[in-house]
Amino acid sequence: MMMMKSIFFYGSPVGEIGIAEENGVISHVFFGRAQTPGGFETGETPVIRTAMEQLTEYFDGKRKSFDLSLAFHGTDFQISVWKALLSIPSGETRSYKDVAVSIGKPKAYRAVGFANNRNPIVIIVPCHRVIGHNGSLTGYGGGLPVKQYLLDLEKRYI
């Protein structure tokens with residue numbers, strides 16, 4: 001079976017966003033072209049268009065969660081973290097330790113941070129909702145101003 005891998009770029013309130021799909025499932029959402037994964041053909045597909053429509057609704061305050069099929073490529077631990085992130089409600093935050101506890105590994109908060117940093121599906125898998133234990137914003141692939149923007153956006157619409 002031949003693997004179909006497509007990627008397309010869109011403008012957004014937080015800058016250029018790339019969306020990639022593999023065989024009808026979203027595999028990547030990322031900021032700018034510097035993080036573009038290899039092996040994808042440029043082209044907008046119905047699945048990618050649907051993802052962007054849902055992201056647009058999110059940016060417009062009309063959507064709090066996403067209804068998309070996702071393909072996670074990572075270690076078992078990373079995938080457990082990314083799935084845990086999906087349970088953080090819009091407008092709320094959790095600490096790295098909270099996420100570690102939620103996956104049954106309470107001492108693995110640093111590893112949770114590394115997995116968060118490797119999240120291939122930003123915004124949709126809401127790694128921006130994870131903050132330091134003292135409430136401080138910590139690193140974010142799109143930059144701290146983008147993280148703050150997304151958190152403020154969600155708080156405005158809850």
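Because the structure is predicted, anything quoted here is derived from the model rather than measured.
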Is it the case that more than 12 heavy atoms not belonging to R118 sit under 6.0 Å from its CZ atom?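 Not buried by this count: 12 neighbours or fewer within 6.0 Å.
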H73 atom NE2, neighbour heavy-atom count above 12 within 6.0 Å: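 Buried by this count: over 12 neighbours within 6.0 Å.
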If we ignore hydrogens and angles and just use 3.5 Å, is the side chain of N117 paired with the main-chain N or O of F114 as donor and acceptor?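 Checking the backbone N and O of F114 against the side chain of N117, no donor-acceptor pair under 3.5 Å is found.
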Nearest-0.5 Å distance, [atom1] of residue [X] to [atom2] of residue [Y]:
X: I17; Y: F59; atom1: CD1; atom2: CZ; value: 4.0 Å
X: E57; Y: M52; atom1: CD; atom2: CE; value: 10.5 Å
X: L153; Y: Y149; atom1: CG; atom2: OH; value: 5.5 Å
X: I19; Y: T50; atom1: CD1; atom2: OG1; value: 10.0 Å
X: Q54; Y: S65; atom1: CD; atom2: OG; value: 8.5 Å
X: I7; Y: E22; atom1: CD1; atom2: CD; value: 10.0 Å

Taking all atoms of both residues into account, what is the closest heavy-atom pair of [X] and [Y], and its distance?
X: F72; Y: I79; answer: CB-CG1, 3.8 Å
X: S69; Y: V25; answer: O-CG1, 3.3 Å
X: A84; Y: V99; answer: CB-CG1, 4.2 Å

Would a 4.5 Å heavy-atom cut-off, applied to side chains only, mark [X] and [Y] as touching?
X: R94; Y: P89; value: yes
X: F40; Y: H28; value: yes
X: F66; Y: I121; value: no

Expected list for residues 104-113: side-chain donor-acceptor pairs under 3.5 angstrom, two or more places apart:
none

Quick check: is V101 connected to F77 through a chain of hydrophobic side chains (ILVMFWY, heavy atoms under 4.5 Å apart)?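 No, no single cluster joins them.
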Please table the atom pairs, donor to acceptor, closer than 3.5 Å between any side-chain atom in residues 123-132 and protein atoms at least two apart or in another chain.
unit_1, atom_1, unit_2, atom_2, d
H128, NE2, E154, OE2, 2.7
R129, NE, E154, OE1, 2.9
R129, NE, E154, OE2, 3.3
R129, NH1, I88, O, 2.5
R129, NH2, E154, OE2, 2.9

Assess the residue pair Y96 and T138 against the criterion (side chain to side chain contact (heavy atoms under 4.5 Å, CB included)); give the C-alpha distance rounded to whole Å, side-chain angles, the decisive distance to 0.1 Å, and a yes or no. CA-CA 10 Å; Y96 294 96; T138 55; 2.7 Å; yes
Using side chain to side chain contact (heavy atoms under 4.5 Å, CB included), reason through D60 and Y157 one step at a time and then give a plain yes or no. CA-CA 9 Å; D60 290 344; Y157 293 117; over 6 Å; no
Distance-only criterion, 3.5 Å: show the donor-acceptor pairs between side-chain atoms of residues 42-49 and protein atoms not counting sequence neighbours.
unit_1, atom_1, unit_2, atom_2, d
E44, OE2, Y10, OH, 2.5
T45, OG1, E21, OE2, 2.4
T45, OG1, I48, N, 3.1

Contact list for residues 67-78, test salt bridge (charged side-chain N to carboxylate O under 4.0 Å, His left out), sequence neighbours left out: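 Every pair satisfying salt bridge (charged side-chain N to carboxylate O under 4.0 Å, His left out) with a residue in residues 67-78: there are none.
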With sequence neighbours left out, what residues match F9 under ring pair (Phe, Tyr, Trp, His ring centres under 6.0 Å)?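 Applying ring pair (Phe, Tyr, Trp, His ring centres under 6.0 Å) to F9 gives F30.
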With sequence neighbours left out, write down each residue that passes ring pair (Phe, Tyr, Trp, His ring centres under 6.0 Å) with F31, or none if nothing qualifies.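 Listed in chain order: Y140.
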